[in-house]
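Both counts, for ligands and for their atoms, begin at 1 and track the order of listing. If you're wondering where the values come from, they're calculated on a predicted model, not measured in any experiment. Counting begins at 1 with the first residue of the sequence.
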Amino acid sequence: MNAAKRREIFERLRAANPEPTTELEYNSPFELLVAVTLSAQATDVGVNKATRRLFPVANTPQAILDLGLDGLKECIRTIGLYNAKAENIMKACRMLVELHGGEVPRDRKALEALPGVGRKTANVVLNTAFGEPTIAVDTHIYRVANRTGLAPGKTVLEVEKKLLKFTPKEFLRDAHHWLILHGRYVCRARRPNCGQCVIRDLCEYKDKTEA
Ligand code: SF4
């Protein structure tokens with residue numbers, strides 16, 4: 001795919017949704033960190049239901065430590081893998097309090113050192129909470145990047161590196177959201193909605209659907 005096409009794709013996605021953001025509900029970097037940690041193998045809707053119970057009770061590392069493991073589990077028990085997630089969140093809260101003054105660090109290495117936080121979660125936090133031009137490649141972005149030809153790659157890391165390299169600077173900060181939302185609602189896994197797709201003529205996918 002050439003540079004002009006890439007630019008046009010992002011221009012159209014921006015025109016359709018000028019201020020994209022995550023569908024996870026949060027009001028601070030810490031709330032976002034917790035929400036993203038909970039979102040592994042869970043839907044955003046499910047995570048929001050749990051955090052609506054949790055955040056009014058505890059929305060800082062110290063408050064979650066004070067709530068205790070059982071209290072935390074009680075709030076998030078509707079989410080898959082909640083036992084392991086609760087334990088990771090408790091450990092992460094302890095590290096945030098002891099090493100970072102109770103704040104979420106704006107630093108990839110420090111983020112990835114937290115239990116339960118991998119490259120993808122760190123990217124989401126850096127991008128969405130701090131406005132850094134990172135792209136967290138999840139299953140939706142991986143699919144859209146490969147189908148369209150925007151950034152084909154065999155691994156999520158390869159796709160991430162290509163997207164960072166080839167996405168025009170002005171779109172980098174929001175590219176993550178545009179591509180996720182496009183993958184979630186239009187370029188769906190089982191049956192992409194090519195008939196309603198605003199980038200259909202630019203997309204290089206060979207098996208486009210008609211409807
Ligand atoms: S045309 Fe189809 S395959 Fe291409 S991006 Fe749009 S929905 Fe996805």
Side-chain angles (χ1 to χ4, degrees), residues 1-26 32 35-49 79-81 108 118-211:
M1 176 170 289
N2 63 38
K5 253 190 180 182
R6 277 198 188 91
R7 171 168 289 281
E8 178 70 21
I9 283 178
F10 283 111
E11 277 177 356
R12 288 198 203 165
L13 294 176
R14 178 173 63 185
N17 185 3
E19 287 187 23
T21 188
T22 174
E23 294 183 318
L24 291 171
E25 296 169 358
Y26 72 98
L32 180 65
V36 180
T37 306
L38 291 175
S39 72
Q41 295 177 48
T43 64
D44 287 359
V45 173
V47 171
N48 290 340
K49 269 190 197 157
I79 300 216
L81 310 175
R108 174 185 300 285
R119 185 176 180 86
K120 198 187 89 182
T121 299
N123 273 331
V124 174
V125 172
L126 288 170
N127 175 266
T128 308
F130 297 121
E132 302 248 352
T134 62
I135 299 181
V137 177
D138 71 348
T139 173
H140 297 300
I141 296 187
Y142 182 75
R143 182 175 66 251
V144 172
N146 272 293
R147 276 184 182 163
T148 55
L150 255 181
K154 289 194 173 61
T155 65
V156 289
L157 192 57
E158 192 183 348
V159 168
E160 180 187 320
K161 285 186 175 159
K162 279 194 187 171
L163 281 172
L164 286 174
K165 187 168 172 197
F166 294 127
T167 302
K169 248 192 168 156
E170 67 183 283
F171 303 112
L172 257 182
R173 205 197 63 188
D174 291 328
H176 163 76
H177 298 302
W178 284 316
L179 296 176
I180 274 196
L181 294 170
H182 191 67
R184 190 175 286 166
Y185 296 112
V186 184
C187 193
R188 296 179 303 237
R190 292 235 176 103
R191 190 173 157 76
N193 195 359
C194 303
Q196 303 293 315
C197 178
V198 295
I199 57 170
R200 183 189 167 97
D201 56 314
L202 304 165
C203 169
E204 296 178 355
Y205 188 48
K206 288 193 179 60
D207 298 316
K208 287 178 198 154
T209 58
E210 288 308 317

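Regarding atom 2 (Fe) of ligand 1, its nearest protein heavy-atom neighbour is Cys194 SG, 2.3 Å. Protein heavy atom nearest atom 4 (Fe) of ligand 1, with residue, atom name and distance: Cys203 SG, 2.3 Å. Given atom 3 (S) of ligand 1, the protein heavy atom at minimum distance is Tyr205 CD2, 3.3 Å. For atom 8 (Fe) of ligand 1, the closest non-hydrogen atom of the protein is Cys187 SG, 2.4 Å. The protein non-hydrogen atom at the shortest distance from atom 6 (Fe) of ligand 1 is Cys197 SG, 2.3 Å.
Heavy-atom separations between His182 and ligand 1 include at least one value shorter than 4.0 Å.
Here SG of Cys197 is found 8.0 Å from CG of Leu13. Values are rounded to the nearest 0.5 Å.
Counting the atoms of ligand 1 from 1 in the order shown, those under 4.0 Å from a heavy atom of Arg200 are 1 (S). For ligand 1 and Thr148, the ligand atoms under 4.0 Å from any heavy atom of the residue are 5 (S).
In this structure, Arg143 contributes its side chain and Cys187 its backbone to a donor-acceptor pair below 3.5 Å.
Here the side chains of Phe10 and Asp174 are not in contact, with every heavy-atom distance at 4.5 Å or above. Lys5 places a side-chain heavy atom less than 4.5 Å from the side chain of Glu204. Between Phe171 and Arg7, the closest side-chain pair of non-hydrogen atoms falls below 4.5 Å.
Side-chain contact check for Asn123 and Glu132: no donor-acceptor pair (N or O, by modelled atom type) lies under 3.5 Å.
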